[in-house]
Amino acid sequence: MAKIFVTRKIPERGIEKLKSAGFEVEVNPEDKVLSKDELMAWLKKGSYDAVLTLLTDKLDADVFEAAKGSVKIFANMAVGFDNVDLAAAKKAGIMVSNTPGVLTDTVAEHTFALMLAIAHRVAEADRFTKAGKYHGWEPMMLLGTDLSYKTVGILGLGRIGSRVAYHAAKGFNAKVIYYDVKRNEEFEKEFGAMFCETPELLLAQSDFVSIHVPLLPTTRHLIDANRLKMMKPSAYLINTSRGPIVDEKALVEALKNNVIKGVAIDVFENEPAIEPGLIGLENIILTPHIASATEETRSKMAELAAENIIAALFNQAPPNLVK
Ligand code: DGY
């Protein structure tokens, strides 16, 4: 019977799917991230046929070396796979898969939760109200900013970026502009969207900038001190992609000096650490990498990761092979 290792507790639907395919499933009994040494010890001890991993597992050359000869696939339960050294996986002859598609709507929803919350000062107003500071309606109290009819700049027009653009255009009558390495003229026609040749052009025109690029050597610190200065002082920055795309130290300085109006982010440069300067600021909302964290979506992600394993172990092409 094939043996699967799951690096941490995940929604039961994923486990059930693996078991009903006839596999023996072992889940890390401790609900915590495994260190690299711990993961390698599990791999050496268990001689598993497949491993279901999470974005918090760092899968580098040593890990693939430890898995070589036994593990056929590492199925990452995330759309992002910047935690995986793909070249090392290839060298070890091990497949890697991800879980795209099933989390698109949820991450897009969270992006809007953040966008609206920062523009309408929801978190600040909540703190204000709970602190007993509300003593009656005031014409000038906690004034925010509308999203409707504004310019929303999408950095990265993949599945999630496109979904955010759709809601912005159809739900808020926003003007959508986008930057991507690939131009999409069909999308432009459908949403009246405008392509920006460079990130700089997008930053200069947007009232809201939403980041949806993957983390790559070319996107690390895509938003740095210089590019923050290119944004309008009235603009907001939203990041539900990966933390290192934004230089967090530069972000603290920009917020302290009102270079931009506000920021709402779900991801951090050195997770789970958060740049201390970000914590005390009023003009930022922070959520702990939960953009895909709904009951429905996390179950679908677990199930899709399991489907990739099942395909690989039945000698079929996993539906979401990362190349
Ligand atoms: C992903 O799947 O990459 C997300 O960041 C998880 O929430």
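Reckoned from all heavy atoms, side chains included, excluding hydrogens, waters and symmetry mates. Since the model is a prediction, treat every value here as computed from it, not as a measurement. Whatever order the structure lists ligands and atoms in, that order sets their numbers, starting from 1.
Around ligand 1, the residues contributing at least one heavy atom under 4.0 Å from the ligand are Leu55, Ala78, Val79, Gly80, Leu103, Arg242, His289, Ser292, Arg298, Met301.
Tyr178 and Phe187 have their aromatic ring centers within a separation under 6.0 angstrom. Aromatic ring centroids of Tyr149 and Phe172 lie 6.0 Å or more apart.
Each of Thr56, Asp57, Asp31, Thr53 was checked for a side-chain hydrogen bond (donor to acceptor under 3.5 Å, both in side chains) with Arg8, and the lone residue meeting it is Asp31. With respect to His110, the side-chain hydrogen bond (donor to acceptor under 3.5 Å, both in side chains) criterion is satisfied by exactly one of Thr240, Thr294, Asp105, Thr287: Thr287.
Summarising the geometry, atom CD belonging to Glu248 is positioned 9.5 Å from atom CG belonging to Asn239; distances are rounded to the nearest 0.5 Å.
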**Request:** Could you give me the CA-CA distance, side-chain angles and deciding distance for Met231 and Tyr236, then say whether side-chain contact (heavy atoms from CB on, under 4.5 Å) is met?
**Result:** CA-CA 9 Å; Met231 292 175 66; Tyr236 297 91; over 6 Å; no
